[in-house]
Amino acid sequence: MNSKRQNFFNDVYEVVRQVPFGRVTSYGAIAAFLGTKGSARMVGYAMNASHAAVNVPAHRVVNRNGILTGKNHFEDPTEMQRLLESEGVLVRDDRVVDFERLFWDPEKNLMT
DNA sequence: CGACTGACGGGGT
DNA sequence: GACCCCGCCAGTC
């Protein structure tokens with residue numbers, strides 16, 4: 001049952017795990033990479049369940065504007081920003097500074 | 001079963 | 001550029 005969904009969730013985690021230290025990506029980029037471009041929301045939904053998975057740096061996934069939209073889903077709203085800044089990613093006003101420069105596109109860097 | 005809700009994004013106004 | 005609407009689809013009520 002729901003094997004596709006399970007695969008999708010797993011694929012999302014796998015991609016997120018490939019995001020390099022100090023870099024960030026977006027929900028839409030991951031969705032596009034997995035071939036479900038229109039379902040960026042599902043990526044976020046998958047992240048919501050990522051608490052079960054290990055080694056999934058959910059804090060490196062932001063929305064297309066580089067905004068930390070998921071920060072409220074961490075134990076503390078400040079956790080996401082704190083984790084990012086701990087790896088050199090500056091956050092200003094809930095947004096990744098120099099987002100376009102730090103953006104890591106799975107389609108360009110992870111061709112599997 | 002229908003309506004609502006999102007860690008989203010693109011397109012139109 | 002702010003704002004609104006629609007598609008996406010799993011989960012909840």
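Since the structure is predicted, the reported quantities are computational estimates derived from the model, not experimental observations. Letters A, B, ... mirror the listed sequences (proteins, then strands); counts begin at 1.
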Any N or O donor-acceptor pair linking the side chain of A/Tyr27 to the base of B/dA7 at under 3.5 Å? yes
Without swapping roles, check the side chain of A/Tyr13 against the backbone of A/Ala46 for a donor-acceptor pair under 3.5 Å. yes
Ignoring hydrogens and angles, does a donor from either the side chain of A/Arg41 or the base of C/dG7 sit under 3.5 Å from an acceptor on the other? yes
Taking the P atom in each of B/dC4 and C/dC5, what is the distance between them to the nearest angstrom? 14 Å
Mind calculating the distance between CZ (A/Phe9) and P (C/dA10) to the nearest angstrom? 9 Å
Between A/Arg82 and A/Glu79, is there a salt bridge with N-O shorter than 4.0 Å? yes
Ignoring the backbone of A/Ser39, work out which of C/dA10, C/dC8, B/dG9 is nearest its side chain. C/dC8
Nucleic acid contacts - residues 46-72 of chain A versus DNA chain B, non-hydrogen atoms under 4.0 Å: A/Met47, A/Asn48, A/Ser50, A/Ala58, A/Asn63, A/Arg64, A/Thr69, A/Gly70
Whole-Å distance, A/Phe8 CZ to C/dG11 P, equals 12 Å
So the salt bridge (charged side-chain N to carboxylate O under 4.0 Å, His left out) pairs with at least one residue in residues 53-63 of chain A (sequence neighbours excluded) are A/Arg60-A/Glu87
Starting at NZ of A/Lys37 and ending at C1' of C/dC9, how long is that distance when rounded to a whole Å? 18 Å
Looking at A/Val24, A/Val56, A/Leu68, A/Ile30, which hits side-chain contact (heavy atoms from CB on, under 4.5 Å) with A/Val61? A/Ile30
How far does the C1' atom of C/dA2 sit from the matching atom of B/dA7, given to the nearest Å? 23 Å
Ignoring hydrogens and angles, tell me if any N or O in the side chain of A/Glu85 forms a donor-acceptor pair with the backbone of A/Val91 under 3.5 Å. yes
From A/Asn63 CG over to A/Thr25 OG1, what is the distance, rounded to the nearest 0.5 angstrom? 11.5 Å
Rounding to a whole Å, what distance do you find between A/Met42:CE and B/dG9:P? 12 Å
